[in-house]
Amino acid sequence: MELTIVPLTERPELAPALFSRELSFVWPTFMRRSKTGELYFAPDRFARFRDFVLVAFDPSRPDVVLGRAMSAPFRLDPELGREGLPDAGWDEVIRWADEDARLGRETDTISALEILLHPEAAGRGFAARMVGALREHARRLGFRELVAPVRPTSKHLEPDTPIEEYAFRTRQDGLPYDPWLRVHVRAGGGLVRVAPCSMTIVGSLPEWRRWTGLPFDRSGPLTVPQALVPVHVSVQQGHAVYVEPNVWVRHPLG
């Protein structure tokens, strides 16, 4: 299998295929229930960000999308109350990008939001190519760095480990312990700090039961498959909240 990665603007007819079942269902159901994410991914919103999206396909099957890389521009400006990379990571970047797009503000920063591979393209080293392609695309667009609230892919195996401890754990060679963080560092990125509340997903207990197949019948922290940290459950109040931490990474593009 080969992989060609191009801006979506070069293959606009592939836009609907970016949200195929095979791609979207790589994420667990509860991860697809982010209300903030709808500000970017909803069809009537997504068109505003097509210039910042990459699409990947095998040249032998040019109409089958095998990967997508999403990013969004925003303005980092203290006068707007944006002093630096936010604790609310992924959620906040999407809110800022949405607001700036609606108001027509000039942007000065670009953030990766997601890099996703079709299951048949996974495990072939293509993730590193997608990161490199997104870096190069950000450079072509005139940005001096690419930032990313990175989701450490193996953290779900240690849901009770504090994110600060996990994120900065290294191997003997000095590279990050987490494989996805390692890909970013090898591509030229540097770990900055934790975004402790990067993505918040709220739902009623019946919703969480549908999303996970778990009973959600006891209050307190609950370990959910693929969740990086426990979900906070309140039977008394009838809801559960997942607050996912990510890790801010900076990719200089000079």
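Note that the numbering runs from 1 along the sequence shown for the chain.
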### Criterion side chain to side chain contact (heavy atoms under 4.5 Å, CB included) on L8 and R68, from CA distance to verdict
CA-CA 9 Å; L8 180 59; R68 68 192 194 197; over 6 Å; no
### Heavy-atom donor-acceptor pair, Y242 side chain to F30 backbone, under 3.5 Å
no
### Query
Going through the checks in order, is the side chain to side chain contact (heavy atoms under 4.5 Å, CB included) test met by V131 and H251?
CA-CA 10 Å; V131 172; H251 287 267; 4.0 Å; yes
### Query
Closest heavy-atom contact between H137 and D51?
NE2-O, 2.8 Å
### Query
Between Y177 and R182, is there a cation-pi geometry (under 6.0 Å to ring centre, at most 45° from the normal)?
no
### Message
Whether the side chain of W208 engages the backbone of A240 through a donor-acceptor N/O pair (distance < 3.5 Å, no angle test) should be reported.
### Response
yes
### Query
Does the R11 side chain pair with the main chain of P62, one donor and one acceptor, at a distance under 3.5 Å?
yes
### Expected output: side-chain W180 to main-chain A127 donor-acceptor under 3.5 Å
no
### Query
With hydrophobic residues grouped by side-chain heavy-atom distances under 4.5 Å, do V235 and V241 end up in a single group?
no
### Task
Could you tell me whether the side chains of Y40 and E38 share a donor-acceptor contact shorter than 3.5 Å?
no
### Message
I want to check a possible cation-pi pair here: R21 against F25, using under 6.0 Å from ring centre and within 45° of the ring axis as the test.
### Response
yes
### Query
Shared ILVMFWY cluster between V64 and F126, side chains joined below 4.5 angstrom?
yes
### Message
Tell me whether S198 contacts the main-chain N or O of E244 through its side chain, where contact means a donor paired with an acceptor under 3.5 Å.
### Response
no
### Task
Check whether the side chains of S219 and Q236 place a donor and an acceptor atom closer than 3.5 Å, and report yes or no.
yes
### Task
State whether a side-chain donor-acceptor pair under 3.5 Å links Q237 with S234.
no
### Task
Say whether V26 and V55 are linked into one hydrophobic cluster, either directly or through other cluster members, by side-chain heavy-atom distances under 4.5 angstrom.
yes
### Task
Start with the C-alpha gap between E114 and F41, add the side-chain angles, then the distance that decides, and say whether side chain to side chain contact (heavy atoms under 4.5 Å, CB included) holds.
CA-CA 11 Å; E114 176 188 88; F41 290 96; 4.3 Å; yes
#### Entry: Spacing of CD belonging to E136 relative to CG belonging to L146, to within rounding of 0.5 Å
11.5 Å
### Message
Can you tell whether the side chains of E99 and R105 come within less than 4.0 Å, N to carboxylate O?
### Response
yes
### Query
If we only count heavy atoms from C-beta on, is the D91 to S34 side-chain gap below 4.5 Å?
yes
### Query
L228 versus P152: any side-chain heavy-atom pair under 4.5 Å?
yes
### Task
Please answer whether the main-chain N or O of A128 pairs with a side-chain N or O of H184 as donor and acceptor at a distance below 3.5 Å.
no
### Task
Considering non-hydrogen atoms only, spot the tightest contact between L191 and P176 and give its length.
CD1-CG, 4.3 Å
### Query
Are the side chains of W211 and I201 in touch, meaning some heavy atoms are under 4.5 Å apart?
yes
### Message
Check whether R48 reaches the backbone of D44 with its side chain - one donor and one acceptor, N or O, closer than 3.5 Å.
### Response
no
#### Entry: Joint hydrophobic cluster, Y166 plus V229, side-chain heavy atoms closer than 4.5 Å
no
### Message
Tell me whether V243 shares a hydrophobic cluster with V194, the cluster being built from Ile, Leu, Val, Met, Phe, Trp, Tyr side chains joined at under 4.5 Å.
### Response
no
### Summary
Correct closest heavy-atom pair for I110 and F74 would be C-CE2, 4.5 Å
### Task
Taking the side chain as every heavy atom from C-beta outward, state whether P28 and P225 have any atom pair closer than 4.5 Å.
no
### Message
Any heavy-atom pair between the side chains of S20 and V65 that's under 4.5 Å?
### Response
no
### Task
Run the ring-centre check on F46 versus F19 and record whether the distance is less than 6.0 Å.
yes
### Query
Which distance, rounded to the nearest 0.5 Å, do you find between the CG of L181 and the CZ of R186?
12.0 Å
### Query
If you look at every heavy atom in V249 and V150, which pair is closest and at what distance?
CG2-CG2, 3.6 Å
#### Entry: Residue pair T170 / L175, side-chain heavy-atom distance below 4.5 Å
no
### Message
Could you walk me through whether R151 and M31 satisfy the side chain to side chain contact (heavy atoms under 4.5 Å, CB included) test, starting with their C-alpha distance in whole Å, then the side-chain angles of each, then the deciding distance to 0.1 Å, before giving a yes or no?
### Response
CA-CA 12 Å; R151 185 179 201 262; M31 290 287 293; 3.4 Å; yes
### Query
Okay, side chain of R82, backbone of R75: is any donor-acceptor separation there less than 3.5 Å?
yes
### Query
Counting distance only, does the side-chain N/O of R209 pair as donor-acceptor with the main-chain N or O of P215 below 3.5 Å?
yes
### Query
Any side-chain heavy atom of T212 sitting closer than 4.5 Å to one from T29?
no
### Query
So which heavy atom on P86 is nearest to which on A195, and how close?
O-CB, 4.0 Å
### Message
Please check: side-chain N/O of R169 versus main-chain N/O of D178, any donor-acceptor pairing under 3.5 Å?
### Response
no
### Message
For the CD atom of E92 and the OG1 atom of T36, what is their distance to the nearest 0.5 Å?
### Response
9.0 Å
### Query
Rounded to the nearest 0.5 Å, what separation is found between the CZ atom of R139 and the CG atom of L253?
5.0 Å
### Query
Would you call L222 and P230 a side-chain contact if the rule is heavy atoms closer than 4.5 Å?
no
### Query
From D108 CG over to E145 CD, what is the distance, rounded to the nearest 0.5 angstrom?
9.5 Å
### Query
Could you state the interatomic distance from OG (S24) to CG (L18), rounded to the nearest 0.5 Å?
9.0 Å
### Message
Exactly one of L76, T107, L80, L39 should register a side chain to side chain contact (heavy atoms under 4.5 Å, CB included) with W96. Which one does?
### Response
L76
#### Entry: Heavy-atom neighbours of R171 CZ exceed 12 at 6.0 Å
yes
### Message
Surrounding CZ of R144 (heavy atoms of other residues, nucleotides or ligands, distance under 6.0 Å), is the total greater than 12?
### Response
no
### Task
Could you tell me whether E120 and R61 make a salt bridge, using a distance below 4.0 angstrom between a side-chain N and a carboxylate O?
yes
### Task
Report, as yes or no, whether the 6.0 Å neighbourhood of atom CD on E2 holds more than 12 heavy atoms from other residues, nucleotides or ligands.
no
### Task
Heavy atoms only: give me the nearest W248-G89 pair and the separation to one decimal.
CZ2-CA, 3.6 Å
